Amino acid sequence: MPRLFTGIEVPPETGLSLSAFRGGLPGARWVEPADYHVTLRFIGDVDGGLAEEITEALAEIRPRPPLTVVLDDLAVFGGEKPHALFARVVPDPNLAELQAEHERILRQLGVAPDTRRFTPHVTLARLKRGAGPDGVAQYLAMQPVFSRVSFTARRVALYSARDSVGGGPYVVEAAYPLLQDEA
């Protein structure tokens, strides 16, 4: 059973820029820059039949212009028990609308609703308990000022991930252009 999710690919030049933050954080398991992405919807483990239905249904997403994705800061998930370091994506109504469309499509196929609030981001590292809030705070304080980084997303992807590993490697199973070519 593949573990699936939808997301926006981070271009290599943006990944290179973000990779400058790798290192210097005890307890961090760094995501490879080639695996950086903005998750739109985590789907989870599905059987082959449902995976095929998802692949076909996502091909029907509403055409829309390419999206500008802006990253503006480093942050962590987990508060007193930090578990992920990420680059924050500036909220954008077009991105939220795209994510909501993925949610609707997946619910129509019988995939359980995602109960987490959509917080667009690019995960840079997964943190072990050893990182602790003090270590993370010190790491963030030592970083240079985060210069805004932006890129244009021209397609979304359906990714698969290895079982129970997290952090990649991820495989693009299908890609969907945001704006259909006019004939």
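The model shown is predicted, which means the values in this text are computed figures rather than measured ones. In this chain, residues are counted from 1 in sequence order. Below, each value reflects all heavy atoms present in this structure, side chains not excepted, and no hydrogens, waters or symmetry copies.
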Contact summary for Pro33 and Gly15, nearest pair of heavy atoms
CB-O, 4.0 Å

Is Val70 reachable from Ile8 through a run of I, L, V, M, F, W or Y residues, each pair having side-chain heavy atoms under 4.5 Å apart?
no

For Gln143, I'd like to know if atom CD has over 12 heavy atoms of other residues, nucleotides or ligands within 6.0 Å.
yes

Are any non-hydrogen side-chain atoms of Val172 and Leu158 less than 4.5 angstrom apart?
no

So which heavy atom on Ile61 is nearest to which on Tyr176, and how close?
CD1-CB, 4.3 Å

Quick one: pull up CZ in Phe5 and OG1 in Thr39 and give me the separation to the nearest 0.5 Å.
5.0 Å

Quick one: pull up CG in Leu25 and CG in Leu127 and give me the separation to the nearest 0.5 Å.
5.5 Å

Give me the atom names and distance for the closest heavy-atom approach of Pro82 to Val136.
CG-CG2, 3.7 Å

Closest heavy-atom contact between Ala125 and Trp30?
CB-CE3, 3.5 Å

Shortest non-hydrogen pair, Ala112 vs Arg41, comes out as O-NH2, 2.6 Å

Just verifying a value: how many Å separate Thr6 OG1 and Glu173 CD, rounded to the nearest 0.5 Å?
13.0 Å

Does His121 reach the main-chain N or O of Thr119 with its side chain, forming a donor-acceptor pair under 3.5 Å?
yes

Leu178-Leu95 co-clustered via ILVMFWY side chain contacts under 4.5 Å
yes

Less than 4.5 Å apart, side chain to side chain, heavy atoms only: is that true for Leu4 and Tyr159?
no

What pair of heavy atoms forms the shortest contact from Arg155 to Pro177, and how long is it?
CB-CA, 3.8 Å

Is there a side-chain contact between Glu97 and Glu101 (heavy atoms, below 4.5 Å)?
no

With a 4.5 Å cut-off on side-chain heavy atoms, are Arg126 and Val31 touching?
yes

Spacing of OG1 belonging to Thr14 relative to OH belonging to Tyr36, to within rounding of 0.5 Å
11.0 Å

Side-chain heavy atoms nearer than 4.5 Å, only ILVMFWY residues, links allowed to pass through others: does that put Val111 and Leu58 together?
yes

Checking Arg29 side chain against Gly27 main chain: does a donor-acceptor pair fall under 3.5 Å?
no

Take Glu103 and Gln108 through the side chain to side chain contact (heavy atoms under 4.5 Å, CB included) test and state the conclusion after the steps.
CA-CA 9 Å; Glu103 181 69 33; Gln108 289 170 350; over 6 Å; no

Side-chain contact test, heavy atoms from C-beta onward, threshold under 4.5 Å: evaluate it for Leu85 versus Leu140 and give yes or no.
yes

Measure from the side-chain N and O atoms of Asp35 to the backbone N and O of Tyr170, and report whether any donor-acceptor pair falls under 3.5 Å.
yes

Salt-bridge test for Glu9 and Arg154: reply yes if a basic N is under 4.0 Å from a carboxylate O, no otherwise.
no

Exam field: side chain Gln99 to backbone Phe118, donor-acceptor pair closer than 3.5 Å
no

Rounded to the nearest 0.5 Å, how far apart are CD of Glu56 and CG of Leu109?
9.5 Å

Rounded to the nearest 0.5 Å, what separates atom CG in Leu71 from atom CZ in Phe146?
5.5 Å

Let's go through Arg62 and Leu98 carefully: what are the C-alpha distance in whole Å and the side-chain angles of both, what is the deciding distance for side chain to side chain contact (heavy atoms under 4.5 Å, CB included) to 0.1 Å, and is it a yes or a no?
CA-CA 9 Å; Arg62 182 179 65 76; Leu98 176 62; over 6 Å; no

Given the rule that I, L, V, M, F, W and Y join up when any side-chain heavy atoms are under 4.5 Å apart, are Phe86 and Leu74 in one cluster?
no

Taking C-beta and beyond as the side chain, do Arg3 and Val46 meet within less than 4.5 Å on heavy atoms?
no

Side chain to side chain, Leu40 and Val156, heavy atoms closer than 4.5 Å:
yes

Linking I/L/V/M/F/W/Y whenever any side-chain heavy atoms sit under 4.5 Å apart, do Phe77 and Phe42 land together?
no

